[in-house]
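Just follow the structure's listing: the first ligand is 1, and inside any ligand the first atom is 1.
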Amino acid sequence: MPTLLLNRKDISGLLTMPDTLKVVEHAFRDWAQGNGKMPPKAYLVLERGDFRAMPAALPGAAGVKWVNVHPQNPSQGLPTVMAIIIYNDPATGYPLAVMDATQITAYRTGAAAAIAAKYLARPDSHTLGIIGAGQQAHTQLMAHLELFKFRQIKVFDLSSAAVAKLIDSFPGYPIRESSLAETAASDIVCTVTPSRVPVLKKEWVLPGTHINAIGADAKGKEELEPSILKEAMVVVDDLTQASAAGEINVPVSKGLFSVDEIYATLGEIIIGQKPGRKDQKAITVFDSTGVAIEDVAMAKLIYNKAKQAGNYLTVNLIEE
Ligand SMILES: NC(=O)c1ccc[n+]([C@@H]2O[C@H](COP(=O)([O-])OP(=O)(O)OC[C@H]3O[C@@H](n4cnc5c(N)ncnc54)[C@H](O)[C@@H]3O)[C@@H](O)[C@H]2O)c1
């Protein structure tokens, strides 16, 4: 049996944000209903960056993503985050596909945040603030634009060139470079930096804001002042991962926030086990670490699409 090999160009042609939003929400629903398996990701930390191994299984699908985060890469013309997925038949273990997952990672991360905003942000949210204008910021914006109609989109980055690139990628939208404080004063705020010191200050955050805390996905990273978490309804993608490596990891390790203060998982909110925001004034935070069920669900979608199209490269990896 051949194994499909899908490179970046193949994935580009097979990936859409509307599909990603559907598949990622469905994956969270499946998993919250007990129809998935996912051990916490394993980290391999090196001097200039880290690697994560992310295995998971969902009904009819299994696989593992191998992904790096090397924040200095853009200065060498490489993305900070690159990934591949090995997608297997859960019944036999056969490797059905090996695919580039760099864009899949960015799309599914954007989708998870927009889905969190769909359940947690005020329905009348009409301003979006993006802090950090790198690779992930593009798909954060793309995903939120599918679900919300914004009158104003504000972007802050330490690099104005990164902001200009993001703005140029979304012609025709009301998007502009702003100060950090102005960007923070938005209905929905996405933080997408690799920062290890809080960038988002409590004094800037307005009542009723929803924050997608995306950047902190490894031990020692943090983007939000812990006082924001103390006041907010904190929703995580995965309890174990968030406590060890998500936005709450530093405050938890310093005793400034306790895991008992987490309000819910995103899956619990999606299946209605816990209600979403309690009132118009609540501050809600989605602490995203990135979960392997998102990747495996996406791999299944991409594999099925590619198999149906039938014109992609295959190799006999296992058999003679
Ligand atoms: N939660 C998830 O599922 C998930 C998935 C992928 C990536 N990430 C994380 O998201 C972060 C961003 O990833 P990326 O691929 O966009 O990286 P990137 O290098 O492409 O972009 C990061 C941007 O943040 C900017 N920046 C750095 N420090 C800043 C600060 N203090 N204030 C404002 N801007 C700042 C940089 O100038 C850069 O433009 C990383 O920490 C990565 O590990 C999380």
Side-chain angles (χ1 to χ4, degrees), residues 20 24 27-28 41 43 45 48-52 54 65 67-83 101-116 129-143 154-167 169 177-184 189-201 204 211-225 235-238 241-242 244-250 266 285-295 298:
T20 307
V24 169
F28 273 105
K41 52 178 130 174
Y43 286 82
V45 181
R48 296 174 68 95
D50 66 60
F51 293 87
R52 299 106 195 254
M54 302 175 66
K65 183 169 83 170
V67 56
N68 78 294
V69 178
H70 283 64
Q72 303 311 320
N73 270 4
S75 61
Q76 296 169 43
L78 277 174
T80 297
V81 177
M82 295 172 284
T102 305
Q103 269 178 299
I104 291 174
T105 299
Y107 270 61
R108 64 71 150 153
T109 304
I115 293 160
I130 300 181
I131 300 173
Q135 192 80 17
Q136 308 306 319
H138 286 69
T139 42
Q140 289 291 315
L141 183 47
M142 207 187 270
K154 297 173 265 181
V155 187
F156 173 80
D157 195 295
L158 297 176
S159 151
S160 280
V163 176
K165 195 172 165 203
L166 182 65
I167 292 175
S169 305
E177 183 166 12
S178 298
S179 70
L180 188 48
E182 269 181 320
T183 306
V189 178
C190 300
T191 58
V192 246
T193 77
S195 189
R196 288 176 177 268
V197 283
V199 273
L200 185 61
K201 287 200 174 148
W204 298 327
I211 302 164
N212 286 315
I214 305 300
D217 61 351
K219 195 170 183 298
K221 285 178 161 181
E222 83 178 309
E223 299 186 289
L224 275 50
E225 272 190 346
V235 173
V236 299
D237 54 6
D238 177 67
Q241 283 190 187
E247 181 56 43
I248 62 171
N249 89 84
V250 176
L266 182 58
V285 172
F286 173 51
D287 178 351
S288 160
T289 56
V291 281
I293 50 150
E294 298 165 339
D295 301 305
M298 289 303 295

Undergrad: Mark up the atoms of ligand 1 that fall under 4.0 Å of a heavy atom belonging to A162, in ascending order.
TA: 39 (O)
Undergrad: Tell me whether I214 has any N or O atom under 3.5 angstrom from an N or O of ligand 1.
TA: yes
Undergrad: Side chains of T80 and Q135: is there a donor and an acceptor less than 3.5 Å apart?
TA: no
Undergrad: D295: which residues meet the side chain to side chain donor-acceptor pair (under 3.5 Å) condition with it, sequence neighbours left out?
TA: K65, R108
Undergrad: If you have a sec, work out which protein heavy atom is nearest atom 6 (C) of ligand 1 and how many Å separate them, to one decimal?
TA: Q136 CD, 3.6 Å
Undergrad: In this structure, which one of E223, Q136, K221 forms a side chain to side chain donor-acceptor pair (under 3.5 Å) with T193?
TA: E223
Undergrad: Is K221 near ligand 1, meaning one of its heavy atoms is under 4.0 Å from it?
TA: yes
Undergrad: Taking only heavy atoms of V69 into account, list the atoms of ligand 1 that are under 4.0 Å away from them.
TA: 43 (O)
Undergrad: Set out, in order, the CA-CA distance, both residues' side-chain angles and the distance that settles side-chain contact (heavy atoms from CB on, under 4.5 Å) for T139 and T109, then state yes or no.
TA: CA-CA 8 Å; T139 42; T109 304; 5.6 Å; no
Undergrad: Enter the distance from E247:CD to I211:CD1 here, rounded to the nearest 0.5 Å.
TA: 9.0 Å
Undergrad: Quick one: SG on C190 to CG on L200, what's the gap to the nearest 0.5 Å?
TA: 11.0 Å
Undergrad: R52 to ligand 1: N or O pair under 3.5 Å?
TA: no
Undergrad: Kindly give the heavy-atom pair with the smallest separation between V155 and T183, and that separation in Å.
TA: C-OG1, 3.9 Å
Undergrad: Mind checking the NZ-OH spacing from K219 to Y43? Nearest 0.5 Å is all I need.
TA: 11.5 Å
Undergrad: Identify the heavy atoms of I130 and A137 that sit nearest to each other, and give their distance.
TA: CG2-CB, 3.9 Å
Undergrad: Given D217, T109, V155, V81, which one has a non-hydrogen atom that is nearest to atom 44 (C) of ligand 1?
TA: D217
Undergrad: Specify the protein heavy atom at minimum distance from atom 35 (C) of ligand 1: its residue, its atom name, and the distance to 0.1 Å.
TA: T193 CG2, 3.6 Å
Undergrad: Would you compute the distance between atom CG of D217 and atom NZ of K41 and round it to the nearest 0.5 angstrom?
TA: 5.5 Å
Undergrad: Check ligand 1 against F156 and write out every atom of the ligand that is under 4.0 Å from a heavy-atom position of the residue.
TA: 32 (N), 33 (C)
Undergrad: Suppose we measure from atom 21 (O) of ligand 1 to each protein heavy atom; which comes out shortest, and what is that distance?
TA: G134 CA, 3.2 Å
Undergrad: Considering L78, N68, D157 one by one, which has a heavy atom nearer to atom 39 (O) of ligand 1 than any of the others?
TA: D157
Undergrad: Starting from atom 12 (C) of ligand 1, find the nearest protein heavy-atom neighbour and note its residue, name and distance.
TA: V192 O, 3.4 Å
Undergrad: Measure from atom 27 (C) of ligand 1 to every heavy atom in A83, P74, G132, P194 and give the option owning the shortest one.
TA: P194
Undergrad: Is it the case that ligand 1 has an N or O less than 3.5 angstrom from some N or O of R108?
TA: yes
Undergrad: To the nearest 0.1 Å, how far is atom 29 (C) of ligand 1 from its closest protein heavy atom, and which atom is that?
TA: L158 CD1, 3.4 Å
Undergrad: Looking at the rings of H70 and F51, which for Trp means the six-membered one, are their centres under 6.0 Å apart?
TA: yes
Undergrad: Can you tell me which residue and heavy atom of the protein come closest to atom 19 (O) of ligand 1, and the distance to 0.1 Å?
TA: T80 OG1, 2.6 Å
Undergrad: What atoms of ligand 1 come closer than 4.0 angstrom to any heavy atom of S288?
TA: 1 (N), 2 (C), 3 (O)
Undergrad: Within this structure, what is the CZ-CD distance for the pair F156 and E182, rounded to the nearest 0.5 Å?
TA: 11.0 Å
Undergrad: With a heavy-atom distance limit of 4.0 Å, tell me whether T289 approaches ligand 1 through its side chain, its backbone, both, or neither.
TA: backbone
Undergrad: Rounded to the nearest 0.5 Å, what separates atom OG1 in T289 from atom CG in N249?
TA: 10.5 Å
Undergrad: Note the single closest protein heavy atom to atom 20 (O) of ligand 1, along with its residue, its atom name and the distance in Å.
TA: Q135 N, 2.9 Å
Undergrad: Could you identify the single nearest non-hydrogen protein atom to atom 10 (O) of ligand 1 and state the distance to 0.1 Å?
TA: G215 CA, 3.5 Å
Undergrad: Which atoms of ligand 1 are found less than 4.0 Å from any heavy atom of V199?
TA: 30 (C), 31 (N), 32 (N)
